[in-house]
Amino acid sequence: MKVILVAGARPNFMKIAPIIRAINVAQRNGQDMEYRLVHTGQHYDDKLSKVFFEELQIPEPDINLGAGSGTQAEQTAKIMVEFERYLTSNPVDIVIVVGDVNSTMACTIVAKKLETKVAHVEGGIRSWDMSMPEEINRIATDALADYFFTTSRVANENLKKEGKSDDQIYFVGNTMIDSLLLNLTKIKKPKIFDERALTTGYYYVLTLHRPSNVDRLESFANLIGEIDSSAEAPVIFPVHPRTRKNFNLLKQAPKHIQPTDPLSYLEFIFLVKNSKGVITDSGGVQEETTVLGVPCLTLRNNTERPETVTVGTNVMIGDDMTALRNTLHKLNAGDWKKGEIPELWDGRTAERIVDVLAKLKA
Ligand code: UDP
């Protein structure tokens, strides 16, 4: 069986690395499985792409489609044009897409129009919030894909309600957590830890990149102001490129919030693991904090990852500033639920995916 794995943006790399590893094991065990890796170039900055290839030991992609930045439509269109060219001259049995970025949707549409089967890793999750570009990517991808590898039973139910049949849906767990568990012994103290005299358990980590939080300067400034005045410890803020422009435009320099460039994966996980808590709007970070047992306060009105709230350490705050202040006070006081690990988030998801792929061929 020949597959193409598609990756394009930061959160994709953690999801594909374990699948590549599992395919290599299957090959060594004599299974007939071959893959090509396509990097769409959606993220091209070294700090959002190259560093993950090095740290997660992902091989050089077979091709980089060089999509680069642009509006939603420009980026999606560029990926489609280039991927159509590539898939036409390099046909495979299945295209595997992960997550919910523009590359996920763009390559799914292209593959289906070239009559190629598509498997969606992390299929079926829904925020029910159509103002999120990611939600549109998820719905469009799942409308077309043939097979779904899911992270939760809720995702299975969502897919069934959308008309998918049992033989298309495989509840396998979470490949992002495969990467987390595999790399826990390799995490690296970032330089800023000593430079800024951080102490384990006495600082917070902040990440923000969702358009609803960062694109409007006024509401972004309010959010930063509220976190800054309620947090009673340093807040380390690796600033996503999307967020940088408005962060630089803030009129008042924050007291507690300390910006830094995006960190490498091994550095970021070190920082999260040793923190008092995380404030975020990231999808992946909600999952990672749940598995690390670190308190997570999510600045969104909804989550497509409900198990991080019902089972894990995540609390949703939405855009209510009073709730944010009160919840930060609880976090300061160490008053937080303990949380458990969601079902099948055990580090063996990629193996299960490759087992299923091998059977699909039969
Ligand atoms: N991450 C990282 N460095 C950082 C911030 C995040 O390596 O400075 C990792 C994080 O551990 C997680 C992934 O990036 O694995 C999440 O990516 P992002 O928040 O961009 O996307 P989302 O999960 O919201 O789609």
Side-chain angles (χ1 to χ4, degrees), residues 7-18 42-56 58 69 97-105 121-122 125-127 129 132-138 141 151 174-184 186-193 204-214 235-244 247 258-275 278-292 294 296 298-300 302-305 308 314 316 345:
R10 178 168 72 182
N12 289 168
F13 306 129
M14 302 77 185
K15 295 171 194 170
I16 57 148
Q42 190 182 329
H43 278 168
Y44 45 87
D45 189 314
D46 281 1
K47 293 196 174 74
L48 292 189
S49 175
K50 188 163 171 250
V51 66
F52 299 106
F53 278 74
E54 289 162 7
E55 288 190 347
L56 300 169
I58 304 172
S69 55
V97 295
V98 300
D100 53 22
V101 299
N102 289 340
S103 309
T104 315
M105 176 182 74
V121 174
E122 204 188 85
I125 62 174
R126 297 286 180 270
S127 66
D129 177 355
M132 288 178 78
E134 294 89 346
E135 183 72 357
I136 295 169
N137 292 339
R138 292 181 198 117
T141 300
T151 49
N174 193 325
T175 58
M176 187 168 240
I177 301 306
D178 286 10
S179 276
L180 178 70
L181 297 178
L182 186 73
N183 286 290
L184 270 185
K186 301 183 202 151
I187 56 177
K188 282 198 296 228
K189 181 158 74 168
K191 267 214 238 129
I192 52 159
F193 198 91
Y204 297 109
V205 179
L206 172 67
T207 80
L208 291 173
H209 68 82
R210 297 251 110 75
S212 57
N213 282 328
V214 305
V235 180
I236 305 301
F237 184 22
V239 184
H240 192 283
R242 180 179 190 105
T243 313
R244 180 48 83 177
F247 190 80
Q258 304 184 21
T260 181
D261 279 342
L263 295 169
S264 80
Y265 179 69
L266 297 178
E267 291 174 332
F268 184 75
I269 298 296
F270 180 98
L271 205 64
V272 167
K273 185 167 184 287
N274 290 290
S275 71
V278 174
I279 306 157
T280 193
D281 60 9
S282 159
V285 175
Q286 293 173 55
E287 298 179 335
E288 290 163 343
T289 45
T290 272
V291 171
L292 293 170
V294 170
C296 179
T298 297
L299 299 169
R300 284 177 45 193
N302 43 60
T303 179
E304 60 289 330
R305 294 157 162 95
T308 60
N314 190 15
M316 309 291 301
W345 291 19

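In this text the structure is predicted, and so the values were computed from the model without any measurement. Just so you know, ligand 1 is whichever comes first in the structure, and atom 1 is the first atom listed for that ligand. The residues of the chain are indexed from 1 along the displayed sequence.
Among P11, S264, A9, the residue whose heavy atom sits closest to atom 21 (O) of ligand 1 is P11. Within the set E287, R210, R10, the minimum heavy-atom distance to atom 6 (C) of ligand 1 is found for R10. When F13, F268, F237 are checked for heavy-atom proximity to atom 1 (N) of ligand 1, F268 turns out nearest.
At a heavy-atom cutoff of 4.0 Å, ligand 1 is contacted by both the backbone and the side chain of Y265. Counting heavy atoms closer than 4.0 Å to ligand 1, residue E134 contributes nothing at all.
Ligand 1 places these atoms under 4.0 Å from at least one heavy atom of P262: 8 (O). The atoms of ligand 1 that sit less than 4.0 Å from any heavy atom of G284 are 22 (P), 23 (O). Close approach to I269 involves these atoms of ligand 1, each under 4.0 Å from a residue heavy atom: 11 (O). Residue F52 has at least one heavy-atom neighbour below 4.0 Å for each of these atoms of ligand 1: 7 (O). Applying the 4.0 Å criterion to heavy atoms of M14 picks out, from ligand 1, the atoms 9 (C), 13 (C), 14 (O), 15 (O). Heavy-atom proximity to P238, at under 4.0 Å, picks out these atoms of ligand 1: 8 (O).
Rounding to the nearest 0.5 Å places CD of Q42 at 7.0 Å from CG of N12. Between I58 atom CD1 and F13 atom CZ the span is 7.0 Å, to the nearest 0.5 Å. One finds the CE atom of M132 at 5.0 Å from the CZ atom of R138 (value rounded to the nearest 0.5 Å). To the nearest 0.5 Å, atoms CG (L181) and CE (M176) are separated by 12.5 Å.
Ligand 1 has a nitrogen or oxygen under 3.5 angstrom from a nitrogen or oxygen of G283. Residue E288 places at least one N or O, backbone or side chain, under 3.5 Å from an N or O of ligand 1. The shortest N or O to N or O distance between S282 and ligand 1 is under 3.5 Å. Distances between N or O atoms of H240 and those of ligand 1 include no value under 3.5 Å. For ligand 1, the polar-atom distance check against L263 finds a nitrogen or oxygen pair separated by under 3.5 Å. In terms of N/O distances under 3.5 Å, ligand 1 is approached by H209.
Taking every heavy atom of both residues into account, L208 and L206 meet most closely at CG-CD1, 3.9 Å. Minimum interatomic distance between A17 and S179 (heavy atoms only, all atoms of both residues): CB-OG, 4.2 Å.
Distances from ligand 1 to the non-hydrogen atoms of Q286 include no value under 4.0 Å. Residue-ligand proximity: K47 is placed with every non-hydrogen atom at 4.0 Å or more from ligand 1.
Residues F193 and F270 place their aromatic rings such that the two centres sit under 6.0 Å apart.
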Start with the C-alpha gap between R10 and H43, add the side-chain angles, then the distance that decides, and say whether side chain to side chain contact (heavy atoms under 4.5 Å, CB included) holds. CA-CA 7 Å; R10 178 168 72 182; H43 278 168; 3.8 Å; yes

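Looking at Q286 and T303, their side chains do bring a donor and an acceptor atom within 3.5 Å of each other.
A parallel orientation is assigned to the rings of H240 and H209, their planes being inclined by less than 30° (bins at 30° and 60°).
A heavy-atom distance below 4.5 Å is found between the side chains of L292 and L184.
Of the options K47, K188, K186, a salt bridge (charged side-chain N to carboxylate O under 4.0 Å, His left out) to E55 is made by K188 and by none of the others.
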